[in-house]
Peer 1: 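Pasting in a structure now, in structure tokens, and then I'll have a few things to ask.
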Amino acid sequence: MANFDDYFKTNHSRFESELCEWLRMASVSTDPQYKPQVEQAARWLATKFEGLSFKTELIETCGHPIVYAESPQVPGLPTVLVYGHYDVQPPDPLDEWITPPFEPTIREGKIFARGATDDKGQMITHLYGTEAWVKATGKLPINLKFLIEGEEECGRKGLGEFLAGKYDQPNRKALELIDADIVVISDSSQYAPGMPAVTYGLRGIAYFELRLSGPKQDLHSGAFGGAVSNPANALTQMLSALIDLHGKIQLDGFYDDIVELSETEREQFADLKFDDEAFMKGLGVTGLTGEEGYTTLERRWARPTFDINGLWGGYQGEGAKTVLPAKAGAKFSLRLVPNQDPKKVYESLQRKLNAICPPGITMDLIDLHGAPGSMVPIDSPYMTAAAKAIEKGFGKAPVFIRSGGSIPVVNSFAEKLGIGTLLLGWGQDDDNPHSPNEKFLLKDFHAGIRTSAQLWEEISKIELA
Ligand code: BES
Ligand code: ZN
């Protein structure tokens, strides 16, 4: 067994200073004004892989480039595909950051920056775990391929086209290029500080925009209110008809395909002894709600939900204006559990909203994106390898959890390559991804690096079928 303790000790502070350099690049994918920084991040990463003598390519797409790199492939060794993303969410609201989002700052053992946990900080742990093998032993015990995209946070169009073969060349077909025995993704969370986890289930999503139009222009609410349908009123009525007061989603057939949680799984969740009080305190809320009959963990990990993500209509300025707005709209999404089909949800939603749309209002329902949830088998040799590696890297055996977030590409790998994914998140639930003061515990960063190096070793011991 290779021992990397010395290598990790010697390179401890370099890993941190390079992490700062990496997070300083504002690789915000959704906003064109950041394009140069997105490209700079892609090139920085490619240079790192070249430094390991990996065959490296920046694959140009309709959007931001994909960074692809592979170790020299040795026949007969297991092949791991590491997926991650180098793009980040927009940093606003800027005035809520204690230190600026692209000036990485270390406070109390945590690094604060946009992308610290999601996913730049987590993703490069695999670069350094791999580097340890290459630099300290001159070899790798497995074949490695890295597929790091730059559009995870803005729709994955480029990656979608890449996986569909759009950028194939006669001697380079996407699915052959990235074919592997297992995928590894570190883009989620541990159960809690000091409680590392392997995630075996993710929720899916169905995301929509609803636009309502009424009269041809804004009206005086005294002169017309009560006789003319108000799009903002209609919007609240229509949205509230989608979920009842017991947290049940009111769409025909919505629950039909759901595989109910087994008693065993409910017991496993309960064994994690989730602390509702501490959860509420951490979030600054005084109560919790959700689907009746389910615990907080069940609601967050394994039950579908409905959330309004944005809402507009009517007067938003100072003071009062008695207006009946001509238009109103909302963005909302449903988190789905495995086996629910986002297409069916869209069809059912369209029927329901059409049926309850009041007279005088025209509606436009836009299906923005959707992806089913995913479950990965717990009893695979790869899971066992991951659990052993985590125990060595974090000094603690992992717990097995599900997660409420979505990583749609997991389904693409299963469908297109027929392979499973190890979801090994090093983050914490309170790392603030997508929100101000995003952070990553440096302890978790280094443990992630150690685990990555261990994981390659553990996977090398698996007998290939
Ligand atoms: N890293 C997250 C996914 C995640 C979050 C997994 C929390 C597990 C726990 C990822 O970058 C993300 O934000 N995904 C989006 C996907 C969506 C836009 C299709 C999400 O979950 O909202
Ligand atoms: Zn994200």
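Residues take their numbers from the sequence shown, with the count starting at 1. Order of listing sets the numbers, starting from 1, for every ligand and every atom in it.
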Peer 1: Using the ring of each side chain (for Trp, its six-membered ring), is W426 parallel, tilted or perpendicular to F394, with breaks at 30° and 60°?
Peer 2: tilted
Peer 1: In the protein, which heavy atom is nearest to atom 22 (O) of ligand 1, and how far is it?
Peer 2: R335 NH2, 2.8 Å
Peer 1: Have a look at ligand 1 and work out which part of R402, if any, has a heavy atom under 4.0 Å from it: side chain, backbone, both or neither.
Peer 2: neither
Peer 1: Angle class for the F15/H446 ring planes (parallel below 30°, perpendicular above 60°, tilted otherwise)?
Peer 2: tilted
Peer 1: At a 4.0 Å threshold, what atoms of ligand 1 neighbour a non-hydrogen atom of H369?
Peer 2: 18 (C), 19 (C)
Peer 1: Going by distance only, is there an N or O of S189 that falls short of 3.5 Å from an N or O of ligand 1?
Peer 2: no
Peer 1: Before moving on, can you tell me the angle at the Zn ion (ligand 2) between the OD2 atom of D118 and the OE2 atom of E153, to the nearest 10 degrees?
Peer 2: 90°
Peer 1: First locate atom CD1 of I243, then atom CG of D307, and finally report the distance between them rounded to the nearest 0.5 Å.
Peer 2: 8.0 Å
Peer 1: Please identify which of these residues, H369, R335, R203, meets the side-chain hydrogen bond (donor to acceptor under 3.5 Å, both in side chains) condition with S406.
Peer 2: R335
Peer 1: Could you tell me whether some N/O pair between H434 and ligand 1 is separated by less than 3.5 angstrom?
Peer 2: yes
Peer 1: Give the intermediate values and the outcome of salt bridge (Lys or Arg N to Asp or Glu O under 4.0 Å) for residues E458 and K392.
Peer 2: CA-CA 11 Å; E458 293 301 333; K392 287 181 181 157; 2.8 Å; yes
Peer 1: Kindly give the atom name of the N, O or S atom of H434 closest to the Zn ion (ligand 2).
Peer 2: NE2
Peer 1: Do other residues, nucleotides or ligands put more than 12 heavy atoms under 6.0 Å from the NZ atom of K248?
Peer 2: yes
Peer 1: Does atom CD (Q316) have a neighbourhood of more than 12 heavy atoms from anything else shown, all under 6.0 Å?
Peer 2: yes
Peer 1: Could you tell me, atom by atom, which parts of ligand 1 come under 4.0 Å of a heavy atom of D118?
Peer 2: 1 (N), 11 (O)
Peer 1: At the 4.0 Å heavy-atom cut-off, does Q89 count as touching ligand 1?
Peer 2: no
Peer 1: Out of G405, A371, S406, S333, whose heavy atom sits nearest atom 7 (C) of ligand 1?
Peer 2: G405
Peer 1: For atom 4 (C) of ligand 1, which protein heavy atom lies nearest, and how many Å away is it?
Peer 2: D187 O, 3.7 Å
Peer 1: Any salt bridge linking R156 with E149? Criterion: basic side-chain nitrogen under 4.0 Å from a carboxylate oxygen.
Peer 2: no
Peer 1: Report the nearest protein non-hydrogen atom to atom 8 (C) of ligand 1: residue, atom name, distance rounded to 0.1 Å.
Peer 2: S403 OG, 3.0 Å
Peer 1: Just which atoms of ligand 1 are under 4.0 Å from any heavy atom in H85?
Peer 2: 11 (O)
Peer 1: Using modelled atom types and a 3.5 Å cut-off, is there a donor and acceptor pairing between side-chain atoms of K145 and backbone atoms of D179?
Peer 2: yes
Peer 1: Look only at interatomic distance and state if E152 has a nitrogen or oxygen under 3.5 Å from any nitrogen or oxygen of ligand 1.
Peer 2: yes
Peer 1: In ligand 1, which numbered atoms sit nearer than 4.0 Å to a non-hydrogen atom of P408?
Peer 2: 19 (C)
Peer 1: A quick test of your reading: do over 12 heavy atoms of other residues, nucleotides or ligands sit less than 6.0 Å from CG of D430?
Peer 2: yes
